[in-house]
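Written below as structure tokens is the structure these notes are about.
Order of the sequence lines fixes the chain letters, A, B, ..., with proteins taken first and strands second; residue numbering starts at 1 for each chain. Keep in mind it's a predicted model, so treat the numbers as computed, not measured.
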Amino acid sequence: MSIERTTATLPPAISVAGLRRVYDVKPEPVTALGGVDLEVAPGEFFGLLGPNGAGKTTLIKILTTLLLPTAGEARIFGFDVATDSRRIRRIMNMVAGGEQSGYGILTVREQLWMFSQFYGLGTREGWRRVDELIEAVGLAEQRVQRVSTLATGQRQKMNMARGLLNDPWILFLDEPTLGLDVAAARGIRELILDWKAAVPGRTVLLTTHYMAEADELCERIAIVDRGRILAIGSPEELKRRIQRESIFRLELDHLDGGAARLARLPGVVSAALAADSDAEAQRVVVNLVLVEDAALGAVVTALGGLGSQILALRKSEPTLEDVFIELVGRGFADGADDTDGAGGHAGEDRGSGGGMPATAEVVVAEVEAERVEAGR
Amino acid sequence: MSAPAALAGSPGRDPRADAEWSRRRVLGNNLRALVGRAYPRIRGMAGEPSWVLFEILLPFLTTSAFVLVYRALAAPEAYVGFVVLGGALSAFWLNVVWMMASQLYWEKSQGNLELYFAAPMNLMSVLLGMAIGGLVMSSTRAIAVLVVASLVYGVAFDVQQWLLLGVVFLLTLTALYGLGMMLASLFLLWSREAWNLANLMIEPIWFVSGLNFPVGRLGMLGALAIATIPFAVGLDAMRQLVFAGQASLLGTPSPEAEALILVGMTVVFVALARWMMRTIERMARGRGSLSIRWQ
């Protein structure tokens, strides 16, 4: 029976109900997941979008059987993560951004072969699969190079090849393009899309805080913050939610009192600093959501009163970041000030997005640049 | 990157059916995982020849020091043989404590541990793979120390029960590595504390095991070591079997009796290791301590 026919009868690829996870740490327990419900269909490309500390990695760890939930239930293709971990491990794989797994003394080819043995591939089959995947990810020139000498992007390509060794039905990707340059990130994204498209039923769960990446790759997205899912839908559906308002992108030379000052003005639904703001370079970018266009007058007047000079003003189509701001009341760049309550400690998640072009806009620009390049 | 055949997989399968493996496939997976994990260890030996200095030449100096002391004190010549055998077998103990028990702790800090757990094989296979990889290195060290010491110090071996010697050697290794697996579980649970404890325990264990002298000289303490530490009982039995005429100097139970003790230890340690590995995996999943990143 083909997978196309059986997909309809399969249980959900991911099914999560009332999932809670509390870390018993000092000085007080941290609630990383505060009651999550989620269902992902077989063959779906699903994204978890949220800032550092949102609980994305905790959810992935539970789904990949590395962590037990404190309460609630999670299933992968109907198998319970708590009691059926062995079966789940046979049909899934995972890749994390910045992953440093393996042994530096081995060559790329040897390292991948070693991992192929962990999935029970025969010796010859393992070498064949390794060689094919090395070609597929574009590491042919580095195949006999020691792992310890690989550049970041090359290493992540190798990690991706590792994640595909067992031809998993469900692939968990935790910030897979973290720290990569434009070309390397594009290569990874294309590889994931190609791999998923090759066989119906292959499912991907991607966590990212690059909104453009989620927008580009995911069929549906859950916006997560402080251990809770705030909204689920396709990128278009999520954007439509806030299209009733007017959205502007405002560039200023400075803004005394921060975006919060604008948020209090009449007619302003929300105001948040964009991730590409650079106060030191006298360039403050504010994403404004207004009840209607007419409310802009009050904002301009207020800015005049504050002595801020408007460098640029652009009406925006809603982005996922706007959706996030609408739902959460702050942007990613406003800091993961989630040290209290659910969501845990700020910056725990591989360095709070620092050291990375951690801006939705930068990634948008990258994706756009790639599209232009691809169109040539 | 294009979409080559490597990405196409085997269309037509079903994820639920693919999750069901036969016993044969499970066994095959575990055996392959064992070979896979042994590979980096053996590859490391070939790739980093500096281990010859650290694993053979330097330990040989310690053995030599005791040989010279015994000769200076005009101790029975058999003591030189006892020291040489102890020096050779210490490699296996170090392999258990340093390379096996602590390995899961290091794998965790490298980010490998969560990948091991996320793979379908049994973690015991990984530990055995580490052990076998380490065994190659330890055996090389043991043989090198024995050969060099024999040539330099003229140690004369007198083996009359080769079969029993082989059995005792294998039982010692099995019991030792069973203990190593148990310790690996504890390391996973206690991480750095266990590492510090292991460092702290090396010298006392060597002392009560009689690494450089017959353990029988320790009286009750030696008897206790023989009853509880596989290295102590294995080393003593092998001394009796390798230097057949010198057993009276040792003052310990017969090698046959010690072989039985080793059988008991093997059963207990391997069974406990299996149980602890499962229990501690469950605990580690509960506590979220399988990886450095915890959220």
Task: Heavy-atom pairs under 4.5 Å with chain B, option from T64(A), I88(A), T65(A), I170(A) with the top count - done: T65(A)
Task: Nearest non-hydrogen partners of P15(B) and I91(A), listed with the distance - done: O-CG2, 3.5 Å
Task: Polar contact flag, side-chain donor to acceptor under 3.5 angstrom, Y39(B)-Q111(A) - done: no
Open item on the list: Less than 4.5 Å to any heavy atom of chain A: does that hold for the side chain of R287(B), its backbone, both, or neither?
Closed with: backbone
Task: T9(A) side, atom OG1; D14(B) side, atom CG - distance, nearest 0.5 Å - done: 7.0 Å
- [ ] Quick one: closest heavy-atom pair of P120(B) and F118(A), and the distance?
- [x] CD-O, 3.6 Å
TODO: Please determine, among T123(A), N93(A), L121(A), the option with the most heavy-atom pairs under 4.5 Å with chain B.
DONE: L121(A)
Open item on the list: Let's test your reading of the structure: which of R282(B), E107(B), R25(B) forms the most heavy-atom pairs below 4.5 Å with chain A?
Closed with: E107(B)
Task: Closest non-hydrogen atom pair, F117(B) against L66(A) - done: CB-CD2, 3.6 Å
Open item on the list: Do E99(A) and L115(B) have side chains that approach each other closer than 4.5 Å (heavy atoms only, starting at C-beta)?
Closed with: yes
TODO: Would you mind telling me which of R21(A), M92(A), R128(A) has the largest number of heavy-atom pairs within less than 4.5 Å of chain B?
DONE: R21(A)
Open item on the list: Show the nearest heavy-atom pair for residues P40(B) and Y103(A), with the distance to one decimal.
Closed with: CG-CD1, 3.9 Å
TODO: First locate atom CG of N29(B), then atom CZ of R89(A), and finally report the distance between them rounded to the nearest 0.5 Å.
DONE: 12.0 Å
Open item on the list: Taking side chain as everything from C-beta outward and backbone as N, CA, C, O, which of these in E20(B) sits under 4.5 Å from a heavy atom of chain A? Side chain, backbone, both or neither.
Closed with: both
Open item on the list: I need the residue from G44(B), A284(B), A119(B) with the largest number of non-hydrogen atom pairs under 4.5 Å to chain A.
Closed with: A119(B)
Task: Contact leader toward chain B among G120(A), P168(A), G126(A), S116(A), where contacts are heavy-atom pairs under 4.5 Å - done: G120(A)
Open item on the list: Between D131(A), D24(A), D84(A), L68(A), who has the most heavy-atom pairs with chain B when the cutoff is under 4.5 Å?
Closed with: L68(A)
Task: Residues from residues 121-130 of chain B approaching chain A under 4.5 Å (heavy atoms) - done: M121(B), N122(B)
Task: Cation-pi, F79(A) ring and R16(B) (6.0 angstrom, 45 degrees) - done: yes
Task: Smallest separation among heavy atoms of G111(B) and S101(A), with atom names - done: O-CB, 4.2 Å
Task: R274(B) atom CZ: more than 12 heavy-atom contacts under 6.0 Å - done: no
TODO: Determine the minimum heavy-atom distance between R285(B) and S85(A), stating which atoms define it.
DONE: NH1-OG, 3.9 Å
Task: Donor-acceptor under 3.5 Å (R32(B) side chain, Q117(A) main chain) - done: no
Task: Under 4.5 Å from any heavy atom of chain B - which part of A82(A) - done: backbone
Task: Option in G28(B), A38(B), A118(B) with maximal non-hydrogen atom pairs under 4.5 Å from chain A - done: A118(B)
